[in-house]
Protein chains: 2
Amino acid sequence: MNNDIDVLHRIEHEMAIFIRRAEAARIAYFNATGLDRSTYLLLTHLYDNGPLSIKALADTFQLDISTASRQTASLESKGYVERTASPKDARVSLLQVTSSGSGQLLRVRSIRQSFYTELMQEWTLEETANFCDLLQKFNQTVENYSKSNKNNCGKGGSSPDGQ
Amino acid sequence: MNNDIDVLHRIEHEMAIFIRRAEAARIAYFNATGLDRSTYLLLTHLYDNGPLSIKALADTFQLDISTASRQTASLESKGYVERTASPKDARVSLLQVTSSGSGQLLRVRSIRQSFYTELMQEWTLEETANFCDLLQKFNQTVENYSKSNKNNCGKGGSSPDGQ
DNA sequence: ATGTTTAGTTGTACCATGCAACTATTATAT
DNA sequence: ATATAATAGTTGCATGGTACAACTAAACAT
């Protein structure tokens, strides 16, 4: 622990606020794009990482497999992904983004980017890049932390932010 | 718009991940502290800003007043806040943190700070402080944005993050 | 005085989530 | 080989956080 308590207190506070705002935005975001965040993230991941099982998705996003199952079912019902039985293991369904799904994904990604562009128009490029780097580092830190916690203390474990 | 599209794309991506992790932590956090985030934030705000009406809390956190009403009712039922009728306006209840509530608040704040201390032990103080500043700036940016949006386009409006 | 705004409550609905119980399939151990 | 475990996935149920709409009561405006 080489961090000053003041900074930690501020981090703690800003995190709580950030998360609160993020939740507040859920409905507005959904209204603006027609895709909820989970759907968007799943779609992104499937788009970039080829066909994957539900279990693999659940692991990636640290979701309960039941949640991943429901989310993919919802994606499937909208026609954004297709599932095919794995040839190697009949328990496994492999999910793949359809062309409709990738169309949605690109559409929403562009809306998201426009949003951030507008939101951060007063920021300098340097600040934005800096924030981005630190945010990435933070996400990585949280991921490592919760993985190491899983090994030590069974499931659940971590709590990266303000609840 | 003076930001590079690459950085915006990365921000967009890291935000989505960040929010996802934040949501994943809700249960773990509650288990660790016994207070959910909303409760914690409300309590913090009431602790720092004296007796406030439900409407004032709703405005601060950009919550529907019905949500704020329920959350404060929950706080009250746990004995963390007390309400007194406003002498000036019989419609208004003024909420105030009880000693039990402030005890809880300080306890949870300390757990949260310990968590962040442990989480970020590999970060330098400079990095942490930098991240904190940028996060604060970001929160402020989002707040300004959603306020200006409210004036232009009616309610709802903004979407600060990845859904 | 009467109509309008405001503070707050309550009913209802929604989404994201987890846990537990279950099925179907695969892997392991003897 | 067969019985026992482990794994992938689904579904039922519960919870938390949220909004919207309909309502009550009080205050304000004219």
Side-chain angles (χ1 to χ4, degrees), chain A residues 16 19-31 33-42 52-59 61-78 83-95 154-157 159 162-163, chain B residues 16 19-31 33-42 52-59 61-77 83-95 154-157 159 161-163:
Chain A
I19 304 296
R20 164 63 205 127
R21 296 235 186 284
E23 265 177 25
R26 190 183 298 172
I27 287 137
Y29 188 85
F30 178 79
N31 290 343
T33 65
L35 279 193
D36 59 63
R37 177 181 43 77
S38 294
T39 302
Y40 174 75
L41 271 176
L42 245 52
L52 287 171
S53 69
I54 290 175
K55 178 64 163 55
L57 291 172
D59 287 347
F61 295 107
Q62 295 174 270
L63 285 170
D64 191 90
I65 194 175
S66 68
T67 303
S69 170
R70 277 181 239 269
Q71 286 180 353
T72 53
S74 157
L75 251 57
E76 198 188 2
S77 78
K78 289 170 190 148
R83 69 172 67 198
T84 53
S86 164
K88 296 183 182 167
D89 186 336
R91 292 170 303 181
V92 174
S93 303
L94 292 174
L95 284 306
K155 72 199 324 189
S159 75
Q163 292 300 334
Chain B
I19 303 295
R20 165 64 205 122
R21 296 234 186 284
E23 265 177 23
R26 192 182 297 174
I27 287 135
Y29 188 86
F30 178 78
N31 290 344
T33 64
L35 280 193
D36 59 65
R37 178 183 43 78
S38 293
T39 301
Y40 174 75
L41 270 176
L42 245 53
L52 288 171
S53 70
I54 290 176
K55 177 63 162 52
L57 291 172
D59 286 348
F61 295 108
Q62 292 176 268
L63 286 169
D64 191 89
I65 194 173
S66 68
T67 304
S69 170
R70 279 181 238 270
Q71 287 181 354
T72 53
S74 158
L75 250 57
E76 199 189 359
S77 79
R83 69 171 69 197
T84 53
S86 163
K88 296 182 183 169
D89 186 336
R91 292 171 303 182
V92 174
S93 304
L94 293 173
L95 284 306
K155 72 201 326 191
S159 74
D161 55 276
Q163 296 299 334

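What you are looking at is a predicted structure, and each value in this text was computed from that prediction instead of being measured. Lettering of chains follows the sequences in order, A, B, ..., and the numbering in each one begins at 1. Note: hydrogens, waters and symmetry copies are ignored here, and every other heavy atom, side chains too, is used.
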Spacing between Ile54(A) atom CD1 and dT10(D) atom C1', to the nearest angstrom: 9 Å

Nearest-Å distance for atom pair CZ/P, residues Arg83(B) and dG8(C): 8 Å

Whole angstrom value for the distance that separates P of dA7(C) from CG of Leu52(B): 13 Å

Spacing of Leu57(B) atom CG relative to dT9(C) atom P, expressed in whole Å: 11 Å

side-chain N/O Ser69(B) vs dT9(C) OP1/OP2, d < 4.0 Å: yes

Sequence-distant partners of Thr84(A), side-chain hydrogen bond (donor to acceptor under 3.5 Å, both in side chains), two or more places apart: none

Whole-Å gap separating C1' (dG16(D)) and CG (Leu42(B)): 15 Å

Rounded distance in Å - CD1 (Ile65(A)) to P (dA21(C)): 17 Å

side-chain contact (heavy atoms from CB on, under 4.5 Å) partner of Leu95(A), the single match among Leu75(A), Leu52(A), Ile54(A): Ile54(A)

Protein-to-nucleotide contact annotation, 5' to 3' order, nucleotides 21-30 of chain D [B base; S sugar-phosphate only; - none; under 4.0 Å, heavy atom]: B----BS---

Side-chain heavy-atom pair Gln71(B), Leu57(B) within 4.5 angstrom cut-off: no

Nearest-Å distance for atom pair CZ/C1', residues Phe61(B) and dG17(D): 14 Å

5′-ward residue of the pair Leu94(B)/Gln71(A) relative to DNA chain C: Leu94(B)

Which residues share a side-chain hydrogen bond (donor to acceptor under 3.5 Å, both in side chains) with Arg83(A), sequence neighbours left out: Glu76(A), Ser93(A)

Spacing between Leu95(B) atom CG and dA7(C) atom C1', to the nearest angstrom: 12 Å

By side chain to side chain contact (heavy atoms under 4.5 Å, CB included) - contacts of Asp89(B) (at least two apart): Ser86(B), Arg91(B), Val92(B)

For Ser66(A), side-chain hydrogen bond (donor to acceptor under 3.5 Å, both in side chains) partners two or more places apart: Asp64(A)

